[in-house]
Amino acid sequence: MSKPETKQCFAQRLLDWFDQHGRHDLPWQHNKTPYRVWVSEIMLQQTQVKTVIDYYQRFMQRFPDVSALADADQETVLAYWAGLGYYARGRNLHKAAQTVVKEWGGEFPQTLTEMMALPGIGRSTASAILAISHQQRLPILDGNVKRVLARYDGLPTWPGERATEKALWLRADALMQTDRPGDYTQAIMDLGATVCTRQRPVCEQCPFKSDCVAFQTDQTATLPKRKPKKTKPVRHAIVWLWHQADSDWIWLERRPEQGIWGGLWSLPETRFDLPEGEIEPHKTRQNLIKIKVESLPVATGDLIEWTTFQHTFSHYHLMMTPVSLPLSHAPQGEGQWVKVTQALSRGLPAPIQKVITQWEVNHV
DNA sequence: AAACCGGGGCA
DNA sequence: TGCCCAGGTTT
């Protein structure tokens, strides 16, 4: 008789996987002093393991401990960093080494807050160092971990979002139930780097394939959710529909070659952006309409402001407000009077065509 | 061209 | 505190 299966906890399954399949022979995985772990973590923030190995070994040979690093001049340090990119991090590394020597007598601090006060060390890096070198149970949340957890939980929101990130930190903490925090930390990064990869994850080899939401629901390709496209700025335009009284002749202008709808015939438009801090376009728009109409030989009585509608370009939303008004004289500017039917056959921009059609329907 | 990456910096 | 960006690399 088989005993009912007791599901092992996340941490234990991760560690079992790590013990059997993880990498254990990387240069920073022996003699795990805060200094050595720190240098590896900083290098690994930006570069793949296989590239880091060589750099790390050369770096350690030249700067075997934190005081050797602190004593060197920045130029020398950066020479050993050359090729890794992100030189600000190389400079921070050097600065932090000097701080550790000066402020801490050459011993790294052992609390999260003190560690995070060092330049170039944020929460995730600080936690990694303390977990790996001092067995403190502090969760990390780097790109690997975010990916693993987002898939495991089937997280439907983008990890860069405030609330999501907060939830991920809590989750990372809750799942880290182990008496081997150092190995756990390396294990989860290793899993993310070798199995739960960004594309083409090797789910067959994953210890969580039986209960990973992403795998079970075939969402590994779409999780973690990508950063939403940057929200497009909203801009505004008044579209002038000048027409001859009691007829269907309207005023068209040719757009400049450069810019949106370059060279096309269109209705004259007035672009405007809202003043700093203003959200409501109404006032600004009214003002612009007033100024415009006052410059024309007409009474405002026949002016019609149509409903504002949105047209979206690749890089911004344009809120367009058509304003129609009968005119007896041509407005100033390069343009011509055209019969509506003619206008519509000139290949106007789609939203402009829409405006004219709508006006025609309501006007005639 | 666009996504990604942890930390820093700023309101 | 919360949000966004600099400075790069990778896809």
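A note on names: the letters A, B, ... follow the listed sequences, proteins ahead of strands, and every chain is numbered from 1.
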Q: As an exercise, state the distance from OG1 of A/Thr308 to CZ of A/Arg285, rounded to the nearest 0.5 Å.
A: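 Here the interatomic distance stands at 3.5 Å.
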
Q: Return the value, rounded to whole Å, for the distance between atom CD of A/Glu41 and atom C1' of B/dG7.
A: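 In whole Å, B/dG7 C1' and A/Glu41 CD are 14 Å from each other.
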
Q: Would you mind listing every side-chain hydrogen bond (donor to acceptor under 3.5 Å, both in side chains) that reaches into residues 123-136 of chain A, with sequence neighbours excluded?
A: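 Non-adjacent pairs meeting side-chain hydrogen bond (donor to acceptor under 3.5 Å, both in side chains): A/Gln45-A/Thr125.
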
Q: Convert the base pairs of DNA chain C into dot-bracket notation, remembering that pairs crossing earlier ones are written with [ ] and that bases paired across to another strand are shown as |; include only Watson-Crick or G-U pairs under 3.5 Å.
A: |||||.|||||

Q: Nearest whole angstrom, please: distance from the P of B/dG8 to the CD1 of A/Ile121.
A: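 Distance, rounded to whole Å: 8 Å.
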
Q: Measuring only the P atom in each nucleotide, how far is B/dC5 from C/dG2? A whole number of Å is fine.
A: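 Looking at atom P only, B/dC5 and C/dG2 are 22 Å apart.
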
Q: Using a cut-off of under 3.5 Å, enumerate the N/O to N/O pairs linking the protein to nucleotides 7-10 of chain C.
A:
from	atom 1	to	atom 2	distance (Å)
C/dG8	N2	A/Tyr86	OH	3.2
C/dG8	N3	A/Tyr86	OH	2.8

Q: Output the rounded distance in Å from CZ (A/Arg147) to P (C/dT11).
A: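 Value for this atom pair: 11 Å.
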
Q: How many Å lie between CG on A/Asn92 and C1' on B/dC5, as a whole number?
A: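 In whole Å, B/dC5 C1' lies 15 Å from A/Asn92 CG.
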
Q: Round to a whole Å and report the spacing from NZ of A/Lys95 to C1' of B/dG7.
A: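 In whole Å, B/dG7 C1' lies 12 Å from A/Lys95 NZ.
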
Q: With a sphere of 6.0 Å drawn around CD of A/Glu107, does it hold more than 12 non-hydrogen atoms of other residues, nucleotides or ligands?
A: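 No, the 6.0 Å shell around CD holds no more than 12 heavy atoms from other groups.
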
Q: Could you tell me if A/Asp16 and A/Gln12 have a donor-acceptor pair between their side chains, going purely by distance under 3.5 Å?
A: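 Result is yes, a qualifying pair exists.
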
Q: Would you please name every residue forming a salt bridge (charged side-chain N to carboxylate O under 4.0 Å, His left out) with A/Arg346, sequence neighbours left out?
A: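 With neighbours one apart ignored, the set is empty.
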
Q: Extract from the structure each pairing of a protein N or O with an N or O of nucleotides 2-5 of chain C at less than 3.5 Å, listing the distance.
A:
from	atom 1	to	atom 2	distance (Å)
C/dC3	OP2	A/Arg162	NE	3.4

Q: Cut-off 3.5 Å, no hydrogens considered: what does the side-chain donor-acceptor table look like for residues 50-61 of chain A, sequence neighbours left out?
A:
from	atom 1	to	atom 2	distance (Å)
A/Tyr55	OH	A/Ala82	O	3.1
A/Tyr56	OH	A/Arg36	O	3.0

Q: Kindly state which residues belonging to residues 122-142 of chain A come within less than 4.0 angstrom of DNA chain B, counting heavy atoms of the residue only, listed by number.
A: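 Close to the strand are A/Gly122, A/Arg123, A/Ser124, A/Thr125, A/Asp142.
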
Q: Can you give me every donor-acceptor pair (side chain of residues 159-171 of chain A, partner residue at least two apart or in another chain, under 3.5 Å) with its distance?
A:
from	atom 1	to	atom 2	distance (Å)
A/Glu161	OE2	A/Thr164	OG1	3.2
A/Thr164	OG1	A/Thr157	OG1	2.8
A/Thr164	OG1	A/Trp158	O	3.4
A/Arg171	NE	A/Asp153	OD1	3.4
A/Arg171	NE	A/Asp153	OD2	2.6
A/Arg171	NH2	A/Asp153	OD1	3.0

Q: Rounding to a whole Å, what distance do you find between A/Gln45:CD and B/dG7:C1'?
A: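 In whole Å, B/dG7 C1' lies 7 Å from A/Gln45 CD.
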
Q: In plain terms, say whether A/Asp179 and A/Arg137 are close enough for a salt bridge, that is, a side-chain N and a carboxylate O under 4.0 Å apart.
A: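 Result for this pair is no, no salt bridge flagged.
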
Q: Can you say whether the rings of A/Trp242 and A/Trp240 are parallel (under 30°), tilted (30 to 60°) or perpendicular (over 60°)?
A: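 Parallel, since the angle between the ring planes stays under 30°.
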
Q: Sequence neighbours excluded, which residues qualify as side-chain contact (heavy atoms from CB on, under 4.5 Å) partners of A/Pro326?
A: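 A/Pro326 satisfies side-chain contact (heavy atoms from CB on, under 4.5 Å) with A/His243, A/Ala245, A/Asp302 only.
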
Q: Quick check on A/Asp73: does its CG atom have over 12 non-hydrogen neighbours (other residues, nucleotides or ligands) under 6.0 Å away?
A: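 Correct, the count exceeds 12.
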
Q: side-chain contact (heavy atoms from CB on, under 4.5 Å) with A/Tyr86: which residues, sequence neighbours excluded?
A: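 Applying side-chain contact (heavy atoms from CB on, under 4.5 Å) to A/Tyr86 gives A/Gln46, A/Arg89.
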
Q: Who are the side-chain contact (heavy atoms from CB on, under 4.5 Å) partners of A/Ala128, not counting sequence neighbours?
A: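 Listed in chain order: A/Glu41, A/Ile140, A/Thr185.
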
Q: Can you list everything that forms a side-chain contact (heavy atoms from CB on, under 4.5 Å) with A/Ser67? Sequence neighbours excluded, please.
A: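 Here the qualifying residues are A/Asp65, A/Val101.
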
Q: Round to the nearest Å and state the distance from A/Lys146 atom NZ to B/dC4 atom P.
A: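 Rounded to the whole Å, the gap is 11 Å.
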
Q: In whole angstroms, how far is the C1' atom of B/dG7 from the CH2 atom of A/Trp169?
A: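 It is 12 Å, rounded to the nearest whole Å.
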
